[in-house]
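Quick notes on the structure that follows.
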Amino acid sequence: MTVDATSAAADDDGMDLRLTAREQAFAAEARAWLHDHVPRGLPPSGSADGFAAHVAWERQLFDAGWAVVSWPRAFGGRDASWVEWLLFEDAYYRAGGPPRVTQNGIFLLAPALFEHGTDEQRQRLLRPMAAAETLWAQGWSEPGAGSDLAAVRSTAVRVDGGWRLSGQKTWSTRASFCHAMHGLFRTDPDAPRHRGLTYFLVPLDAPGVRVSGFRRLDGDLDFADVFLDDVFVADHDVVGAPGQGWKVAMSTTGSERGLILRSPGRFVAAARRLVALYRRERAVASPLDRDQVVRAWMAAQAYQLYTLQDVTRVAGGAAMGASSSINKLAWSELDVQLHDAALALLGPRAELVEGAPDAVDGGAWIKGWQFALAGPIYAGTNEIQRNVIAERLLGLPKE
Amino acid sequence: MTVDATSAAADDDGMDLRLTAREQAFAAEARAWLHDHVPRGLPPSGSADGFAAHVAWERQLFDAGWAVVSWPRAFGGRDASWVEWLLFEDAYYRAGGPPRVTQNGIFLLAPALFEHGTDEQRQRLLRPMAAAETLWAQGWSEPGAGSDLAAVRSTAVRVDGGWRLSGQKTWSTRASFCHAMHGLFRTDPDAPRHRGLTYFLVPLDAPGVRVSGFRRLDGDLDFADVFLDDVFVADHDVVGAPGQGWKVAMSTTGSERGLILRSPGRFVAAARRLVALYRRERAVASPLDRDQVVRAWMAAQAYQLYTLQDVTRVAGGAAMGASSSINKLAWSELDVQLHDAALALLGPRAELVEGAPDAVDGGAWIKGWQFALAGPIYAGTNEIQRNVIAERLLGLPKE
Amino acid sequence: MRFAFSLEQQALRDAVRDLLGRACPPAVVRAAWGADDDAAPALWPQLARMGVVGMTAPERWGGLGLGELELVGVLEEAGHAALPAPLLETTAVAIPLLAALPDGPVVDGVRDRWLGAAAAGRAVIAVGLAGAPFVADAARAALLLLERDGELHAVPRDAARLTAEASVDGARRLAWVDWTPSAATRVATGDVARDAAARALDRGAVAAAAELCGLGRRMIELTVDHVQVRHQFGRAIGSFQAVKHHLADAHAALELARPCVARAAYALAHDEPGTAVHASLAKAHAGDAARRAGRAALQCHGAIGYSFEHDLHLFMKRAWALAAAWGDAAWHRARIATAVLDHDAAPGAFHA
Amino acid sequence: MRFAFSLEQQALRDAVRDLLGRACPPAVVRAAWGADDDAAPALWPQLARMGVVGMTAPERWGGLGLGELELVGVLEEAGHAALPAPLLETTAVAIPLLAALPDGPVVDGVRDRWLGAAAAGRAVIAVGLAGAPFVADAARAALLLLERDGELHAVPRDAARLTAEASVDGARRLAWVDWTPSAATRVATGDVARDAAARALDRGAVAAAAELCGLGRRMIELTVDHVQVRHQFGRAIGSFQAVKHHLADAHAALELARPCVARAAYALAHDEPGTAVHASLAKAHAGDAARRAGRAALQCHGAIGYSFEHDLHLFMKRAWALAAAWGDAAWHRARIATAVLDHDAAPGAFHA
């Protein structure tokens with residue numbers, strides 16, 4: 001992944017929290033464009049119609065050059081610096097932009113392609129991914145391999161010119177509406193757990209693939225099981241070397257712009273909405289509600305500052321490393337805390353969902369609360385993150 | 001342990017929270033006596049003089065028949081029922097009674113003697129224990145055996161007419177001022193961990209015993225190391241059969257009136273003092289302080305009700321069982337919570353200790369806070385209690 | 001002193017548990033999510049035949065004349081089953097409220113017309129106190145008991161205009177109720193109305209607390225089952241300390257809330273002066289404990305529990321809703337603070 | 001945008017770490033517990049020679065003219081060592097306060113007499129703002145900067161009557177100060193005094209936050225060392241998930257507090273309009289994180305840490321005291337609430 005690793009100020013040794021003229025111009029351009037274009041009231045992405053609306057928005061983003069700002073221009077990006085990326089994300093969520101249905105491609109698969117893919121793969125795959133022409137689902141989890149990703153049991157068997165894949169993937173977000181899936185399959189059944197895995201790209205319209213959607217906690221049809229029965233995948237759809245799938249996947253999960261270094265924009269925007277909610281509801285808010293709101297706002301600030309520190313570090317050439325586990329713990333708990341504060345403030349009105357005439361903010365808080373509850377579970381449960389912090393950052397012994 | 005297992009109302013099948021006339025009379029008598037006699041401003045028990053003052057108070061309690069209300073009259077008790085015991089404890093702490101320096105005898109050793117001792121031992125040991133003529137320390141923990149009590153390494157070797165004990169005990173509360181110690185020693189080095197332990201009573205003035213005091217968190221000289229070098233203990237000072245020490249000890253730790261079923265009196269009294277503190281300080285208290293105070297008060301009520309439920313159950317013949325782990329978790333966290341609320345209320349004055357002219361309540365809150373911090377650690381850490389709850393009450397598998 | 005339920009109370013509870021265990025599996029709860037707003041509550045006839053619906057009604061209205069000590073065990077089982085039926089509103093609150101009002105022409109008429117019908121399960125009665133923005137189960141009620149401006153009114157459902165409000169718990173049916181008080185609907189005023197409404201709030205809070213205890217217990221049971229079967233890293237995940245401690249803390253919190261509910265039921269049954277504080281103690285602890293159990297349950301289930309198809313959410317969402325209804329934990333803590341801190345009126349554990 | 005300390009700032013911090021690592025082991029902290037109230041602070045001459053004591057003083061007073069970005073790293077190391085010396089009061093608060101006051105006969109006189117002496121380590125200056133009941137290190141100060149009735153006064157210690165107040169942290173020396181303001185002591189009034197006192201409070205809060213981060217870090221280090229060595233049930237206790245998760249949560253909280261401290265230091269150094277909110281964010285997070293680290297450390301040490309002879313309490317008690325001083329977390333949250341919720345004045349992460 002090519003990145004303009006230094007913002008203008010980063011060469012200077014001192015702390016400097018001013019934005020450069022270039023950064024300010026970038027942010028202003030992003031804000032102005034998003035202000036004019038962010039769609040209001042998109043339907044949930046868990047239906048064919050809803051998904052199509054989200055895809056249309058993604059294409060609009062791409063056409064204007066905002067889909068993948070940190071990518072090289074050759075693939076549809078803007079060569080944006082780390083800081084510019086943060087500024088874009090901040091502007092995106094500040095403007096009320098919807099969740100990105102392209103994210104399992106651009107945040108999870110793309111880093112693997114940048115690091116481990118071939119030039120041919122990058123040329124063939126990246127631009128359609130960014131343009132939301134090819135929609136990507138993740139095929140990482142299996143019924144028996146959730147937190148324990150190395151327990152993958154789906155298999156791939158070598159055949160002439162490619163591989164034959166069989167097994168079941170699950171919790172594959174939006175797979176019902178996607179064109180392709182990336183995931184790990186076991187190519188060497190005799191190798192130990194983390195070995196013998198290979199990273200494949202699987203067309204979801206290939207013969208032998210069956211996708212069966214199911215609903216997440218809030219009732220949206222956002223998950224799917226993907227059943228594979230002797231599905232052919234050509235050699236050019238293997239990322240990295242056969243048997244190196246774990247390494248490729250870890251480069252993805254460790255990707256600073258992937259799920260691990262969550263841009264604070266989403267949470268800072270939620271904190272801002274929470275403050276606005278408090279200001280509207282202050283007549284009925286108790287001093288405890290007030291304290292919960294300010295605590296959540298403060299946690300969002302701390303998270304934002306923590307990521308700025310990480311970005312500075314990584315822009316200076318350091319690896320993200322295990323501090324990504326603190327990052328994951330922080331954003332996922334913060335998201336719960338933000339919504340907890342809102343629900344407490346709403347009291348008996350908190351339970352009203354979208355469609356209820358008296359739902360405050362259209363039921364967004366109880367919806368967001370349910371969404372937030374996934375945070376401590378996915379992308380490595382927070383229990384696993386705490387183990388990583390204890391073992392890799394503090395040096396405690398493994399169990 | 002002989003107990004009047006039923007209060008008058010317990011024969012009735014319905015819930016009845018009235019006190020019987022006998023219970024009311026008992027409570028009134030206890031309150032009146034304690035009101036007139038509880039000493040004010042006793043020095044800490046961690047010095048020879050201070051300890052002597054506490055012993056004097058214990059003797060006064062005994063002479064009036066209040067030292068061990070639940071014991072049979074023959075040993076200096078009052079044959080009090082469970083409820084009466086609770087009423088006494090409530091009255092004791094309500095009146096501001098000091099911590100009981102006899103507790104490692106009457107709450108830890110006595111239950112073992114009632115259940116596993118010989119008649120001779122009971123006749124010889126109980127009354128002097130209750131009368132604070134013989135002061136008992138516990139010798140359970142060792143430098144390498146804290147949470148893992150079965151890791152005891154001190155040994156006892158069979159000799160003519162008795163045993164020779166060697167090793168080191170630690171965290172032995174008030175041992176510097178006590179006459180004797182009860183504890184576990186390994187009599188069969190080849191037996192597995194929990195086997196091969198024997199429960200001994202050790203005179204602390206025996207040749208070969210050296211007691212070396214050390215200070216606890218708040219600086220009071222309340223702990224001691226007890227070093228044993230070939231110390232002779234006669235056969236009549238073995239409690240239960242040789243090799244059965246673990247079983248004897250567990251009957252002690254499981255004792256409902258021991259450390260496990262903490263009488264709520266102490267915490268309810270602390271909650272009452274906290275409410276009084278709030279009422280005095282309300283001009284400077286924030287709404288959050290108010291909420292913390294009421295939360296702590298509520299936790300004390302819940303704990304009290306939980307113990308009443310347990311007492312009813314146990315009085316009806318049930319075993320205390322693993323619910324004692326919930327009890328331990330509850331009182332230890334409650335005690336921390338009560339003091340936390342007080343410190344928050346006191347703000348920058350919280351750090352003042354006894355002797356500071358402006359210390360509120362003579363520094364009792366910061367002192368009590370430090371004392372409370374021991375709760376989640378001793379008598380089985382709260383981590384171990386959570387394991388017990390998960391494994392024995394919920395049925396989860398062992399690690 | 002004996003702080004335990006009687007054998008008869010336990011037997012009644014066991015009978016309800018048996019019935020609901022058979023007749024109210026999660027599929028029944030799930031079916032209620034798709035039902036019409038005015039559909040009859042699931043199992044209402046069976047519960048009525050058993051005497052449960054009318055258990056709090058005086059015998060002259062065909063009830064069993066039982067009190068809160070019988071009721072809270074039944075309600076805990078209703079919570080445990082996530083029973084999609086208005087036992088809380090009709091049996092725990094409305095019937096005792098109506099039964100206790102002083103005689104008078106309007107009250108007598110309302111009782112004659114509705115009390116026996118309600119006790120027999122032929123008429124649901126819903127309740128809307130002044131502090132609650134919405135009325136649960138209004139659309140399937142025949143009668144609404146409503147508080148406004150210090151008065152209580154008994155309003156036939158047909159005389160009110162309802163606006164449905166969708167809840168995160170799809171089995172829960174809320175409505176905003178638009179209605180016009182009149183002399184014909186007025187069943188209490190002044191101190192009588194104030195006291196009746198206050199007692200109704202306490203009854204509702206304690207009933208919700210009992211259901212929350214049952215909901216929390218059920219979520220822990222589901223999780224205990226799951227973590228014994230689910231293996232990751234070569235071990236049942238229930239053998240990991242992190243999972244154990246999540247569940248142990250949640251279980252302990254519930255076990256500490258349950259005696260508070262029993263104590264509050266006793267206070268209600270004996271009309272003790274400190275009843276409001278006991279009721280608030282129960283509701284705050286049970287609400288917090290059930291919410292905590294839900295968090296622990298979801299986290300320990302992992303992604304498996306984060307699905308609409310899994311049963312966990314049926315219980316979790318009910319717990320969220322009930323924790324916020326009938327006064328949330330913060331509201332009840334504030335009420336206790338007023339009594340205990342401002343008025344020095346802390347009730348004791350024993351019968352006052 | 002670059003959110004990191006400069007190499008020079010890091011080098012200064014490393015130098016202080018090296019000095020304190022050698023010269024301020026726990027035995028030195030422990031010795032301060034037994035020292036007289038007016039004993040000279042440990043290591044003050046060494047720190048002065050290094051330039052640390054006077055680092056915030058302008059060069060004309062013999063100082064280094066450095067700012068908060070240099071200071072917070074040094075203070076974190078002071079916290080890490082539980083340094084029993086008034087770096088916070090004298091270097092972080094008093095010297096910048098005096099240096100920034102507008103010229104005038106009284107101020108000039110005070111500066112001439114005290115500022116060079118303080119920077120050289122020959123005179124400790126203690127600070128008592130209006131919100132703080134006691135003054136730390138008053139007995140060993142030569143000069144007291146005191147706020148009362150909207151005015152600031154510079155009062156020689158000899159002109160005040162001190163009453164010692166014992167703190168749970170025996171190395172911390174508090175006094176109640178009885179003094180009489182006069183024209184000769186008055187160094188600021190009106191807006192000048194108000195602004196100077198407000199800025200002094202922010203400096204003190206950020207300095208305390210930095211020390212709290214160091215204290216928390218040290219307590220975690222002590223605990224990590226312990227749990228790797230201590231075995232129970234046949235395993236190093238640091239291999240148990242419960243222990244790991246206590247420490248991971250405490251570590252994460254500290255790591256999230258540290259950038260808040262850095263941000264607040266930047267705000268102070270650049271005199272940004274949102275400085276007070278940044279300072280409060282830092283102090284509240286650092287205080288909570290350090291208290292949490294203390295709880296985790298003590299619990300993971302078990303009885304071994306629950307002894308006066310063990311070093312842990314030296315750091316834990318300092319953390320308790322500093323978390324409550326210079327505004328406790330609740331006070332700072334309330335201050336942020338006023339700015340953000342009432343006045344819609346939320347500062348951004350970047351330089352305003």
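In what follows, every chain begins at residue 1, and chains take the letters A, B, ... in the order their sequences are listed. What you see below is based on every heavy atom in this structure, not just the backbone, and it leaves out hydrogens, waters and symmetry mates. Model, not experiment: these values are computed from the prediction.
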Given heavy-atom pairs under 4.5 angstrom as the criterion, report whether the side chain, backbone, both or neither of Leu69(C) touches chain B.
side chain
Can you tell me how far the NE2 atom of His251(C) sits from the CD atom of Glu221(C), to the nearest 0.5 Å?
10.0 Å
Non-hydrogen atoms of chain C under 4.5 Å away: do they reach the side chain of Val388(B), the backbone, both or neither?
neither
Not counting sequence neighbours, which residues clear salt bridge (charged side-chain N to carboxylate O under 4.0 Å, His left out) with Arg230(C)? List them please.
none
Among the options Ile336(C), Leu341(C), Asp249(C), Val243(C), pick out the one with the most heavy-atom pairs lying under 4.5 Å from chain B.
Leu341(C)
Could you look at Thr338(C) and say if it's the side chain, the backbone, both or neither that has a heavy atom under 4.5 Å from chain B?
both
So which of Asp90(B), Thr312(B), Ile326(B) has the largest heavy-atom pair count under 4.5 angstrom toward chain C?
Thr312(B)
Measure Ala257(C) against the heavy atoms of chain B and call it side chain, backbone, both or neither at under 4.5 Å.
neither
May I ask you to name which of Val293(B), Val275(B), Leu305(B), Leu19(B) has the most heavy-atom pairs under 4.5 Å with chain C?
Leu305(B)
Mind checking whether His351(C) and Tyr266(C) have ring centres under 6.0 Å apart?
yes
Just jot down the side chain to side chain donor-acceptor pair (under 3.5 Å) partners of Arg272(B), sequence neighbours excluded, or say none.
none
Ignoring hydrogens and geometry, is there a side-chain-to-backbone donor-acceptor pair from Tyr303(B) to Arg262(B) under 3.5 Å?
yes
Portion of Glu8(C) that has a non-hydrogen atom of chain B nearer than 4.5 angstrom
backbone
Starting at CG of Leu7(C), measure out to CG of Leu12(C) and round the result to the nearest 0.5 Å.
12.5 Å
Close side-chain approach of Tyr93(B) and Val268(B), heavy atoms under 4.5 Å
no
Could you check if a side-chain atom of Val52(C) sits within less than 4.5 angstrom of a side-chain atom of Thr91(C), using non-hydrogen atoms only?
no
Heavy-atom pairs under 4.5 Å with chain B: which of Gln241(C), Arg333(C), Gln228(C) has the most?
Arg333(C)
Under a 4.0 Å threshold between the charged nitrogen and the carboxylate oxygen, would Arg217(C) count as salt-bridged to Glu76(C)?
yes
With a 4.5 angstrom heavy-atom cut-off, is it the side chain or the backbone of Val227(C) that approaches chain B, or both, or neither?
side chain
For Leu329(B), is it the side chain, the backbone, both or neither that has a heavy atom under 4.5 Å from a heavy atom of chain C?
side chain
So, the part of Leu277(B) with a heavy atom under 4.5 Å from chain C: the answer is neither
Sorted by number, residues from residues 280-291 of chain B in contact with chain C (heavy atoms, under 4.5 Å)
Arg282(B), Arg290(B), Asp291(B)
Identify whether NZ of Lys or CZ of Arg in Arg78(B) sits under 6.0 Å from the centre of the six-membered ring of Trp71(B) and within 45° of that ring's axis.
no
Would you call Arg218(C) and Glu77(C) a salt bridge, taking side-chain N to carboxylate O under 4.0 Å as the test?
no
What part of Tyr278(B) gets closer than 4.5 Å to chain C, counting heavy atoms only: side chain, backbone, both or neither?
side chain
Distance-only, no hydrogens or angles: does the Ser280(C) side chain make a donor-acceptor pair with backbone N or O of Val277(C) under 3.5 Å?
no
Heavy-atom cut-off 4.5 Å, strictly under: side chain, backbone, both or neither for Gln304(B) against chain C?
side chain
Atom CG in Leu212(C), atom CZ in Arg258(C): separation rounded to 0.5 Å?
13.0 Å
Chain B interface, residue from Ile220(C), Leu247(C), Asp344(C) that has the most non-hydrogen pairs under 4.5 Å:
Asp344(C)
Got Gln299(C) and His246(C) here, is their nearest side-chain heavy-atom distance under 4.5 Å?
yes
Determine, for Asp361(B) against Arg273(B), whether the closest basic-nitrogen to carboxylate-oxygen distance falls under 4.0 angstrom.
no
With a 4.5 angstrom heavy-atom cut-off, could you sort out which part of Ala262(C) is near chain B: side chain, backbone, both or neither?
both
Hey, does the side chain of Lys328(B) reach the backbone of Gly380(B) with a donor-acceptor pair shorter than 3.5 angstrom?
yes
Is Arg313(B) salt-bridged to Asp310(B), cutoff N-O under 4.0 Å?
yes
So which residues of residues 391-399 of chain B are in contact with chain C at a heavy-atom cut-off of under 4.5 Å?
Glu391(B), Leu393(B), Leu394(B), Gly395(B), Leu396(B), Pro397(B), Lys398(B), Glu399(B)
